[in-house]
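Structure first, then comments.
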Amino acid sequence: MEKSKIAEELRPFFDPAAVAIIGATDKKGKVGNVIFENFRTNKERGIFRGNIYPVNPKLDEIEGYRCYHNIKEVPDDVELAVISIPAKFVPATMKDIAEKGIKAVIIITGGFGELGEEGKRMEREIYEIARANGIRVIGPNCVGVYVPDTGIDTVFLPDEKMDRPKSGPIAFVTQSGAFAAAMLDWAAGAGIGIGKMVSYGNKLDVDDADLMEYFIHDDEIKVVTFYIEGVKDGRKFIEAARRITQVKPVIALKSGRTEYGAKAASSHTGSLAGADRIYDAVFKQTGIIRAEDFEHMFDMAKAFAKCKLPKGDRIGIITDGGGAGVMASDAVAKFGLKMAELSEETLKFLKENFPPHAVAGNPTDVVGDTDAQRYKVAIEAFVNDPNVDAIVIITLFQVPLLDEMELIDILSEYAKKSDKPIVAVAMGGKKTEHYAGILEDRGVPVYPTPERGVRAMAGLVQYARYLGRRKE
């Protein structure tokens, strides 16, 4: 697909030749200092390849970097300006940025439309300057952009207070800066890779639709997740959503579902949350998958990042614990899926290759004295059964005869070679988490409960159904 104008306009936010940090300071803990240190340390580690230009009228040098007194003094290779100065100075600074010819600006500063009429007036002034000069703006009132592959990091929480996740095929877009920071920290702890994060705050200019347009053309990103409080331009949003969902899945966590939440969203980022049922209808119409909470959002994102899409909704369940199989079966019904009816050939194959006390069926229970090879027999049967569209494999790594690494090898091998999606469920504590992490590194998504595993699979089914309808 040919790259759009918006994709070209937004590129400097993610991979600029050079960055100017307006409001950079040597005072530790200040927003401008944390952002400057993010870029400086990323440059020292060889991640950020561009030049860094701190801008502060009161300083001549920060950590060995020349400090410029005005943005107009910086060299001409700057493609991105990051602003962290008091709100009242931002309009004048935007005029200087326009004069300098910089076309991408992140305004971290708060105190604009979310605080009332004067803030809204300043936002309008900034927007007029930007529009007149072809400048794209993320913010204000945001934490900006995080891209681990290029070293872009405007998140003003220091490393000692917030872990940064590794890179991965998931994009995360959010209105809320605090939510962005919390999710990055959580994703790092959960081992979930985030390729690009954008916090756009009041979305004066760049909005959800623009970012969807950008991510259509971003081959590094397989799935896009959104935290949304409200949409300003409904038609633009719908058109962009229809385009991107033909290419890759989009998952939205929409807050402000209740009267109280809608009121809070308005005071937070000035968003008009609108009737929740309208958003529900729009999401269904455009193929956006709605998440119930942040765990659900990232559970599905992880499945999309690692799994193939199913050809139908018939689920096969393999377990070494009967109770877990029952829980998974309940979840299949709860999330609108079907239990696959195994073929006679499959049942015959299982019975011939199982000991008498193992249960051949759906769920198939390899029982608590299982070894890895018994799992392999079951997986082979389910993979080859034309009545099974997707497979949920539950493993209690605690059972005594199971060689954990052998099972991990088997699961990852079938996940690669089968055309059916396979997700794993591993319940337990730290030892289980250790093996689950290895399995995820091998490309198989792992969930801590049967319900979460099945719910993630339901997201794959929902998106596959949408694509199927689009082709009809």
Q. Side chain of Arg242, backbone of Thr286: donor and acceptor closer than 3.5 Å?
A. no

Q) What about Tyr214 and Phe13, are their ring centers closer than 6.0 Å? A) no

Q) Hey, what do you get for CD (Glu8) to CD1 (Ile6), rounding to the nearest 0.5 Å? A) 11.5 Å

Q) Should the heavy atoms of other residues, nucleotides or ligands under 6.0 Å from NZ of Lys308 be counted, would the total exceed 12? A) yes

Q. Is the number of heavy atoms from other residues, nucleotides or ligands within 6.0 Å of NZ (Lys222) greater than 12?
A. no

Q | salt bridge (charged side-chain N to carboxylate O under 4.0 Å, His left out) assessment of Arg243 paired with Glu213 | A | CA-CA 8 Å; Arg243 281 194 293 273; Glu213 194 71 51; 2.7 Å; yes

Q: Please determine if Lys311 and Asp419 form a salt bridge, counting it only when a charged side-chain N lies under 4.0 Å from a carboxylate O.
A: yes

Q. Is any NZ, NE, NH1 or NH2 atom of the basic residue among Glu451 and Arg455 found under 4.0 Å from an Asp or Glu carboxylate oxygen of the other?
A. no

Q. If you measure from the Lys or Arg side-chain nitrogens to the Asp or Glu carboxylate oxygens, is any gap between Glu79 and Arg11 under 4.0 Å?
A. yes

Q: Might you point out which heavy atoms bring Ile315 and Asn362 nearest each other, and give the distance in Å?
A: O-ND2, 2.9 Å

Q: Report the distance from atom NZ of Lys302 to atom SG of Cys307, rounding to the nearest 0.5 Å.
A: 10.0 Å

Q: Please confirm whether the backbone N or O of Arg452 pairs with a side-chain atom of Thr449, one donor and one acceptor, at under 3.5 Å?
A: yes

Q: Please indicate whether Gln285 has more than 12 foreign heavy atoms, meaning atoms of other residues, nucleotides or ligands, lying under 6.0 Å from its CD.
A: yes

Q) Mind checking whether Tyr414 and Val444 have side chains closer than 4.5 Å, heavy atoms only? A) no

Q: Look up atom CG in Leu309 and atom NZ in Lys420, then write down how far apart they are to the nearest 0.5 Å.
A: 15.0 Å

Q. Between the side chain of Glu440 and the main-chain N/O of Ile192, is any donor-acceptor distance below 3.5 Å?
A. no

Q) Between Ser418 (side chain) and Ala415 (backbone), is there a donor-acceptor pair under 3.5 Å? A) no

Q: Would you please name every residue forming a side-chain contact (heavy atoms from CB on, under 4.5 Å) with Lys236, sequence neighbours left out?
A: Asp207, Ala209, Asp210, Asp233

Q: Please lay out, stage by stage, how Arg442 and Asp409 fare under the test salt bridge (charged side-chain N to carboxylate O under 4.0 Å, His left out).
A: CA-CA 8 Å; Arg442 300 275 193 91; Asp409 288 342; 2.7 Å; yes

Q. Which atom names give the shortest non-hydrogen contact between Leu439 and Ala424, and what distance separates them?
A. CD2-CB, 3.9 Å

(Q) Run the salt bridge (charged side-chain N to carboxylate O under 4.0 Å, His left out) test against Lys28 and tell me which residues pass, sequence neighbours left out. (A) Glu37, Glu63

(Q) Quick one: does any side-chain atom of Thr150 pair with a main-chain N or O of Asp15 as donor and acceptor, under 3.5 Å? (A) no

Q) With a cut-off of 6.0 Å (strictly less than), are more than 12 heavy atoms of other residues, nucleotides or ligands near CD of Glu344? A) no

Q. With no hydrogens and no angle check, is any side-chain donor or acceptor of Asn38 less than 3.5 Å from a backbone partner on Val155?
A. yes

Q: Supply the atom-to-atom distance His217 NE2 to Ile244 CD1, rounded to the nearest 0.5 angstrom.
A: 9.0 Å

Q: Assess the side chains of Tyr227 and Glu229: does a donor N or O sit below 3.5 Å from an acceptor N or O?
A: yes

Q: Determine, step by step, whether Val143 and Met197 satisfy the side chain to side chain contact (heavy atoms under 4.5 Å, CB included) criterion, reporting the C-alpha distance in whole Å, the side-chain angles of both residues, the deciding distance to 0.1 Å, and the verdict.
A: CA-CA 10 Å; Val143 301; Met197 185 285 298; 4.1 Å; yes

Q) Does any N or O in the side chain of Lys248 come within less than 3.5 Å of the main-chain N or O of Asp218, such that one atom is a donor and the other an acceptor? A) yes

**Q.** Any donor-acceptor N/O pair, Thr225 side chain to Ala171 backbone, under 3.5 Å
**A.** yes

(Q) Once rounded to the nearest 0.5 Å, what's the spacing between atom OG of Ser84 and atom CD1 of Ile35? (A) 4.5 Å

Q: Locate the shortest heavy-atom distance separating Arg164 from Leu157; write the atom from each residue and the value.
A: NH1-O, 2.7 Å

Q) Between Asp149 and Ser167, is any side-chain donor less than 3.5 angstrom from a side-chain acceptor? A) yes

Q | side chain to side chain contact (heavy atoms under 4.5 Å, CB included) between Tyr279 and Val231, worked out | A | CA-CA 9 Å; Tyr279 282 94; Val231 171; 3.8 Å; yes

Q. For Arg465 and Gly336, which heavy atoms make the closest approach, and how far apart are they?
A. NH2-O, 3.7 Å

Q) If you count the non-hydrogen atoms of other residues, nucleotides and ligands that lie under 6.0 Å from NZ in Lys161, is the total more than 12? A) no

Q.
Does Arg235 have more than 12 heavy atoms from other residues, nucleotides or ligands lying within 6.0 Å of its CZ?
A. no

Q. Given the rule in the side chain to side chain contact (heavy atoms under 4.5 Å, CB included) test, do Val332 and Asp330 qualify, once you have shown the distances and angles that lead to the verdict?
A. CA-CA 5 Å; Val332 166; Asp330 278 342; over 6 Å; no

Q: State, without any angle test, whether Asn202 and Glu114 hold a side-chain donor-acceptor pair at a distance under 3.5 Å.
A: yes

(Q) Would you call the rings of Phe294 and Phe179 parallel, tilted or perpendicular, taking 30° and 60° as the class edges? (A) perpendicular

Q.
For the residue pair Tyr200 / Asp205, report whether a side-chain donor-acceptor contact shorter than 3.5 Å exists.
A. no

(Q) Looking at Glu44 and Arg40, is any side-chain nitrogen of the basic one under 4.0 Å from a carboxylate oxygen of the acidic one? (A) yes

(Q) Taking Glu380 first and then Lys376, would you say they form a salt bridge - that is, a charged N and a carboxylate O separated by under 4.0 Å? (A) no

Q.
When you measure from the side chain of Arg314 to the backbone of Asn387, do you find a donor-acceptor pair of N or O atoms at a distance under 3.5 Å?
A. yes

Q: For the residue pair Phe237 and Phe283, categorise the inter-ring angle as parallel (less than 30°), tilted (30 to 60°) or perpendicular (more than 60°).
A: tilted

Q. How close do Phe397 and Ala426 get, heavy atom to heavy atom, and via which atoms?
A. CE1-CB, 3.9 Å

Q: Verify the neighbour count for atom CD of Glu220: are there more than 12 heavy atoms of other residues, nucleotides or ligands below 6.0 Å?
A: no

**Q.** Contact summary for Ile194 and Ala187, nearest pair of heavy atoms
**A.** CG1-CB, 4.0 Å

Q) If you measure from CG on Leu204 to CG on Asn141, what distance do you get to the nearest 0.5 Å? A) 11.5 Å

Q: Using the six-membered ring wherever Trp is involved, compare the ring planes of Tyr463 and Tyr466 and label them parallel, tilted or perpendicular (cut-offs 30° and 60°).
A: parallel

Q: Would you please say whether a donor-acceptor pair under 3.5 Å links the side chains of Asp77 and Asn51?
A: yes

Q: Kindly state whether the ring of Phe298 and the ring of Phe172 have centres lying under 6.0 angstrom apart.
A: yes

Q) Which residues pass the side-chain hydrogen bond (donor to acceptor under 3.5 Å, both in side chains) test with Asp441, sequence neighbours left out? A) none

Q) For Asp219, does the CG atom sit with more than 12 other heavy atoms under 6.0 Å from it, leaving out its own atoms? A) no

Q: Check for a donor-acceptor pair, side chain of Lys196 on one end and backbone N or O of Tyr146 on the other, with a separation under 3.5 Å.
A: no

Q.
Quiz question: by atom type and distance under 3.5 Å, do the side chains of Tyr375 and Thr370 form a donor-acceptor pair?
A. no

